[in-house]
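Predicted model only: the values in this text are computed from it and were never measured.
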Amino acid sequence: MSNIIEITDFAAPELDVYARFTETQLLNRHEPEKGLFIAESPKVVERALDAGFVPVSLLLERKHIEGEAREIIARCQDVPVYTAGHEVLKQLTGFPMTRGVLCAMRRPRLPQAAEICSGARRIAVLENIVNPTNVGAIFRSAAALNIDAVLLTPACSNPLYRRATRVSMGTVFQIPWTYLGREGDEASQWPQPGVSFLQRLGFKTAAMALSEQSVRIDDPRLRAEKKLAIILGTEGDGLSPRTIADCDYTVRIPMSHGVDSLNVAAASAVAFWQLGSR
């Protein structure tokens, strides 16, 4: 049975991961094997457990022990469960907890890019997308709309940041993903040799960007490609000119009413619906 511990000391070091560590400290770049992340809300925690992620501790409102968190607690045998009332937890964490449940979990080993691309027909590549809300929303669309894997450039916000996992509704645990440019990875830099690496794996590369040379997203050639990498750029500036130049296609979503473009998360949903595997 899990060990239920009533919070009486806000300074307890066991609570640092929830109350005092930043996302960067949880990531622990110097010792990745010790890295942690925080899953928030019962649905997100359940999906992480379903995917095999290892819980370290739980923090939840007292009322959820026999409520929404009951099954989660049962699945986390021998894991410390810290609990208190709503006002106490808000004072501790500094923010309202979504549906009153947080779980600290161990970060997994990230695979190589070639590993998650093996057997994939449609992948998404995120270039320097820094807003965790956008990253989480893109993962949710990717899971729902038949994208097989997601690759991120090093400047992207981490998909396991608390807000990203929550916005994704836990789909970051369901879609294979990794960062480009990891040590020993053939795609050591982006856009080159990263784009060429994808092309050697058999992917045609589609840069989502406004350009005079672009094709409409409903161009039948795109759907006909056996393997397609859909590349999305950072908020505001979009994809770099070098990335666009190196890709096989430049793709636009037709706009109306004088709107020049969509938010990258919204654009991803349109692109994945039109171009995803189905």
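Between Glu6 and Arg62, at least one side-chain N (NZ, or NE/NH1/NH2) sits under 4.0 Å from a carboxylate O, which counts as a salt bridge.
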- Task: Might you work through the side-chain contact (heavy atoms from CB on, under 4.5 Å) test for Ile123 and Ile230, ending with a clear yes or no?
- Result: CA-CA 6 Å; Ile123 65 172; Ile230 303 164; over 6 Å; no
- From CA spacing to verdict: side-chain contact (heavy atoms from CB on, under 4.5 Å), Ile5, Val81: CA-CA 6 Å; Ile5 303 167; Val81 179; over 6 Å; no
- Task: Verify side-chain contact (heavy atoms from CB on, under 4.5 Å) between Arg121 and Asn146, making sure each step is shown before the conclusion.
- Result: CA-CA 9 Å; Arg121 293 186 61 245; Asn146 300 298; over 6 Å; no
- Task: Evaluate side-chain contact (heavy atoms from CB on, under 4.5 Å) for Leu275 paired with Leu228, printing each intermediate quantity in order.
- Result: CA-CA 8 Å; Leu275 302 175; Leu228 191 67; 4.1 Å; yes
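Among residues two or more places apart in sequence or in another chain, the salt bridge (Lys or Arg N to Asp or Glu O under 4.0 Å) test is passed with Arg252 by none. Looking at residues two or more places apart in sequence or on another chain, you find no salt bridge (Lys or Arg N to Asp or Glu O under 4.0 Å) involving Glu23. Residues meeting the salt bridge (Lys or Arg N to Asp or Glu O under 4.0 Å) test with Arg70, sequence neighbours left out: Glu66. Residues satisfying the salt bridge (Lys or Arg N to Asp or Glu O under 4.0 Å) criterion with Arg242, sequence neighbours excluded, are Asp246.
No single ILVMFWY cluster, assembled from side-chain heavy atoms under 4.5 Å apart, contains both Phe173 and Val54. Hydrophobic clustering places Leu201 together with Ile231 (ILVMFWY residues linked when any side-chain heavy atoms are closer than 4.5 Å, directly or through intermediates). Cluster annotation: Leu36 and Tyr18 are assigned to the same hydrophobic cluster (Ile/Leu/Val/Met/Phe/Trp/Tyr, side-chain heavy-atom contacts under 4.5 Å, transitive). In the hydrophobic clustering of ILVMFWY residues, with side-chain heavy atoms under 4.5 Å counting as a link, Leu15 and Val56 come out together. Placement of Val167 and Met105 in two distinct hydrophobic clusters is found when ILVMFWY residues are connected by side-chain heavy-atom separations under 4.5 Å, directly or transitively.
Counting only heavy atoms from C-beta outward, the side chains of Val150 and Leu126 approach each other to under 4.5 Å. Looking only at side-chain heavy atoms (C-beta outward), Gln213 and Thr250 stay at 4.5 Å or farther from each other. Side-chain contact between Asn158 and Val135: absent, with no pair of heavy atoms (C-beta onward) separated by less than 4.5 Å. In this structure the side chain of Asn28 never reaches within 4.5 angstrom of the side chain of Gln25, judged on heavy atoms. Ser214 is not listed as a side-chain neighbour of Val251, based on a closest heavy-atom distance of 4.5 Å or more. Annotation: side chain of Tyr82 is in contact with side chain of Pro80 (closest heavy-atom distance under 4.5 Å). Side chains of Ser157 and Ile129 form no contact here, defined as non-hydrogen atoms less than 4.5 Å apart. The shortest distance between side-chain heavy atoms of Leu59 and Thr83 does not fall below 4.5 Å.
Within a 6.0 Å radius of CD in Glu71, other residues, nucleotides and ligands contribute 12 heavy atoms or fewer.
Taken to the nearest 0.5 Å, the SG atom of Cys117 stands 6.0 Å off from the CG atom of Leu198. The line from CG of Leu239 to CD1 of Ile244 is 5.5 Å long, rounded to the nearest 0.5 Å. The distance from atom CD1 of Ile4 to atom CD1 of Ile73, rounded to the nearest 0.5 Å, is 5.0 Å. Here the CG atom belonging to Leu58 is positioned 12.0 Å from the NE2 atom belonging to His64, to the nearest 0.5 angstrom. For the atom pair Thr178 OG1 and Ile116 CD1, the distance stands at 6.0 Å (nearest 0.5 Å). The line from OH of Tyr179 to CG of Leu152 is 5.5 Å long, rounded to the nearest 0.5 Å.
When all heavy atoms of Leu160 and Pro108 are compared, the closest pair comes out as CD1-CD, 3.9 Å. Shown here for Glu115 and Pro111, the closest heavy-atom pair between the two residues is OE1-CB, 3.3 Å. Closest heavy-atom contact between Val17 and Ile38: O-CD1, 3.9 Å. Between Ala69 and Leu60, the closest heavy-atom pair is CB-CD2, 3.8 Å. Minimum interatomic distance between Ala113 and Leu151 (heavy atoms only, all atoms of both residues): CB-CD2, 4.1 Å. When all heavy atoms are compared, the tightest approach of Ala164 to Pro159 is CB-O, 3.5 Å.
The backbone N or O of Thr205 sits less than 3.5 Å from a side-chain atom of Asp248, completing a donor-acceptor pair. Listed for the Asp148 side chain is a donor-acceptor partner under 3.5 Å among the backbone atoms of Arg122. Tyr161 places no side-chain N or O within 3.5 Å of a backbone atom of Phe37 that could act as its donor or acceptor partner. A donor-acceptor pair under 3.5 Å is absent between the side-chain atoms of Ser168 and the main chain of Ala137, judged by distance alone. Within the 3.5 Å criterion, the main-chain N or O of Gly276 finds a donor-acceptor partner in the side chain of Arg223. A donor-acceptor contact shorter than 3.5 Å is absent between the side chain of Glu225 and the backbone of Leu222. The main-chain N or O of Ala39 is never found under 3.5 Å from a side-chain atom of Thr165 such that the two would form a donor-acceptor pair. Of the possible donor and acceptor atoms, one in the side chain of Trp177 sits under 3.5 Å from a partner among the backbone N and O of Val172. Checked by atom type and distance alone, the side chain of Thr171 never pairs as donor or acceptor with a backbone atom of Gln174 at under 3.5 Å.
In summary, of the residues considered (Asn263, Asn134, Asn131), a side chain to side chain donor-acceptor pair (under 3.5 Å) with Glu235 occurs for Asn134 alone. When Thr153, Thr234, Asp237 are each tested for a side chain to side chain donor-acceptor pair (under 3.5 Å) with Asn128, only one passes: Thr153.
Within the structure, the salt bridge (Lys or Arg N to Asp or Glu O under 4.0 Å) test picks out the following pairs touching residues 191-206 (sequence neighbours left out): Glu186-Arg200.
Of the N and O atoms on the side chains of Arg163 and Thr133, at least one donor lies less than 3.5 Å from an acceptor on the other residue. Side chains of Thr243 and Glu127: a donor on one and an acceptor on the other come within 3.5 Å.
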Using atom types as modelled, flag every donor-acceptor pair under 3.5 Å from a side chain in residues 45-53 to any protein atom, sequence neighbours excluded.
unit_1, atom_1, unit_2, atom_2, d
Arg47, NH1, Met169, O, 2.5
Asp50, OD1, Arg75, NH1, 3.0
Asp50, OD1, Arg75, NH2, 2.9

